[in-house]
Number of protein chains: 2
Amino acid sequence: MERTEFVSAANISERLAQPPALAISTVIFALRPSEKTGRPTLWLPLVRRIREPFKGLWALPGGPLTQADSLQDAAARNLRDTTGLAPSYLEQLYAFGGLHRSPSQRVVSIVYWALVQSTEAELAQESENVQWFRADGLQELAFDHNEIVNYALWRLRNKMEYGSIAYHLLGEKFTLAQVREVYEAVLNRKVDPANFRRQLKQTPYIEPTDEFLQGGKHRPPRLYRYTGEDAHTWPGGKAGDIGPPGHPPSRP
Amino acid sequence: MERTEFVSAANISERLAQPPALAISTVIFALRPSEKTGRPTLWLPLVRRIREPFKGLWALPGGPLTQADSLQDAAARNLRDTTGLAPSYLEQLYAFGGLHRSPSQRVVSIVYWALVQSTEAELAQESENVQWFRADGLQELAFDHNEIVNYALWRLRNKMEYGSIAYHLLGEKFTLAQVREVYEAVLNRKVDPANFRRQLKQTPYIEPTDEFLQGGKHRPPRLYRYTGEDAHTWPGGKAGDIGPPGHPPSRP
DNA sequence: GCAAAAGTGTTCGCACTACACCCATGA
DNA sequence: TCATGGGTGTAGTGCGAACACTTTTGC
């Protein structure tokens with residue numbers, strides 16, 4: 001939601017005189033069970049616009065950059081304000097600064113993307129003007145937000161192929177099959193369970209616990225824990241590319 | 001160069017009231033022969049600060065975001081203004097928005113990084129206040145610009161491992177050995193000529209010409225031409241990660 | 001002819017794939 | 001005991017690393 005409302009009826013000359021407004025927006029991903037299959041799929045929360053421009057359309061949560069917050073803090077704050085949740089992963093996506101993104105005033109949006117643990121995501125607040133949507137096949141959004149979501153999706157999938165991202169979508173303890181389900185949900189393809197297991201066992205930061213998941217229909221699988229850093233606060237991160245200096249990516 | 005000078009002696013309360021200033025900076029890379037070995041190495045142009053803060057120190061070229069330019073255009077403009085050159089590659093690096101990057105006013109810098117063809121780079125203007133420096137082992141720069149350059153270097157190296165980036169540092173026609181030299185200069189390691197050649201021949205967008213480079217001491221090597229797109233104007237690009245949707249990376 | 005770079009061929013090891021197979025459990 | 005997912009073994013495959021080798025030029 002770009003808060004263009006603080007611009008008082010700008011005319012052309014005013015518009016040219018004013019500096020571009022600076023806003024922060026966030027693309028928030030979480031795993032939720034699909035309505036049909038019940039298998040985990042990607043969802044994200046959107047906010048309904050209650051003013052012009054694009055009144056009535058759905059948009060990414062966001063707002064102006066508050067003075068006392070760093071960019072990252074501002075993104076985390078606006079995540080908390082809309083969903084009530086704290087991100088388990090948060091990273092800058094891109095700065096969008098096209099000349100005509102907003103019809104009234106020129107707005108430069110610095111966009112972050114975040115992952116929220118599925119165990120917490122169930123507690124997320126919904127309301128008349130805040131709802132979760134499936135990440136693919138979105139309707140038309142306000143501003144250039146479709147483009148932004150698509151880019152965020154691309155980046156998420158990219159990161160998933162390399163980095164240790166998947167665990168941020170799960171709870172503290174998880175089975176290897178759950179991790180595999182995350183991969184399959186995000187990447188939209190089947191993954192061989194046997195090979196996937198072997199790859200994970202080679203990677204650092206994944207350690208087995210003594211516990212097993214009970215209550216399933218079959219043999220109880222072992223639970224694992226992720227012991228990597230909590231959240232990357234710095235640029236990029238491979239996937240391709242991209243990631244902070246001195247933090248080479250790990251597989252898978 | 002962050003133009004903090006348009007802030008008229010801000011005191012604390014004024015500072016809190018003002019919105020953060022928005023600036024564009026650019027990290028510009030080009031290949032130049034090393035002073036010692038004569039082999040190509042990475043250089044970048046810096047601008048001397050002629051006002052406080054950090055008066056006398058060197059800084060990245062930059063300035064406020066001009067109203068009529070997109071972010072990318074603004075970066076290209078400030079590249080042209082400082083070096084007189086046009087970039088052969090230009091991509092957004094990161095938005096830096098820490099609270100205390102500039103001592104006077106809060107500044108959010110959207111930073112781009114660029115590659116300039118070596119054939120053109122020789123024509124670049126230098127002056128008292130604009131000079132080229134070797135990209136590694138830089139002295140202390142103004143603001144957080146050391147950090148920014150290091151991140152840009154990391155990103156360049158990352159992209160080099162995947163993408164088709166190297167050609168943007170060369171002229172229109174080049175030998176395969178020259179491409180290899182670029183890789184070696186940027187990545188700081190030896191590359192096997194035989195394997196490197198084979199890899200390049202498999203990649204698209206590299207086509208042989210009928211010409212050979214004359215004047216060498218030995219057997220004249222064939223010249224090649226790069227036929228890919230001119231410049232990526234969109235986000236990221238793998239390597240890692242990062243890159244526009246629908247543009248998977250190619251090897252090498 | 002000799003030195004050195006251009007360019008080719010061949011082998012090795014490794015990581016990923018595919019798929020067959022055993023194991024443990026709930027119903 | 002049977003169905004099902006957990007978990008292991010193993011052979012095939014493609015790609016990059018390493019390096020020996022041939023070719024072509026300048027001196």
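Chain naming here is simple, since letters A, B, ... match the order of the sequence lines and numbering starts at 1 in each. Note that the structure is a prediction, hence the values are computed from the model and not measured. All values below come from the heavy atoms of this structure, side chains included, with hydrogens, waters and symmetry mates left out.
- Put simply, the side chain of A/Thr83 does not reach to within 4.5 Å of the side chain of A/Val116, judged on heavy atoms.
- The local environment of CZ in A/Arg39 is sparse, with at most 12 non-hydrogen atoms from other residues, nucleotides or ligands closer than 6.0 Å.
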Run the side-chain donor-acceptor check on residues 123-130 of chain A: report pairs under 3.5 Å with partners two or more places apart or on a different chain.
from, atom 1, to, atom 2, distance (Å)
A/Glu126, OE1, A/Trp132, N, 3.1
A/Ser127, OG, A/Asn129, N, 3.3
A/Ser127, OG, A/Val130, N, 3.3
A/Asn129, OD1, A/Arg48, NE, 3.1

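- Following rounding to the nearest Å, A/Gln178 (CD) and D/dG5 (P) show an atom-to-atom distance of 14 Å.
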Q. Base, backbone or nothing for each nucleotide of nucleotides 17-27 of chain D, written B, S, -, heavy atoms under 4.0 angstrom, 5' to 3'?
A. BBB---BBBS-
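- A straight line from CD1 of B/Ile206 to P of C/dG7 spans 14 Å, rounded to a whole angstrom.
- Taking the six-membered ring where the residue is Trp, B/His145 and B/Phe143 present tilted rings, their angle falling between 30° and 60°.
- Atom CG in A/Leu200 sits roughly 12 Å away from atom P in D/dG7 (whole-Å rounding).
- Between B/Phe196 atom CZ and C/dA6 atom C1' the separation is 15 Å, expressed in whole Å.
- When the C1' atom of C/dA5 is taken as reference, atom CD of B/Glu184 falls 14 Å away, rounded to whole Å.
- The NZ atom of B/Lys190 sits 14 Å away from the C1' atom of C/dA5 (whole-angstrom rounding).
- Checking each of B/Phe174, B/Tyr89, B/Tyr205 against B/Tyr167 for a ring-ring contact (aromatic ring centres under 6.0 Å, His included) leaves exactly one that passes, namely B/Phe174.
- A donor and an acceptor atom, one from each side chain of A/Arg155 and A/Asn158, are nowhere located under 3.5 Å apart.
- Note on A/Lys201: a side-chain N or O is less than 4.0 Å away from OP1 or OP2 of D/dT8.
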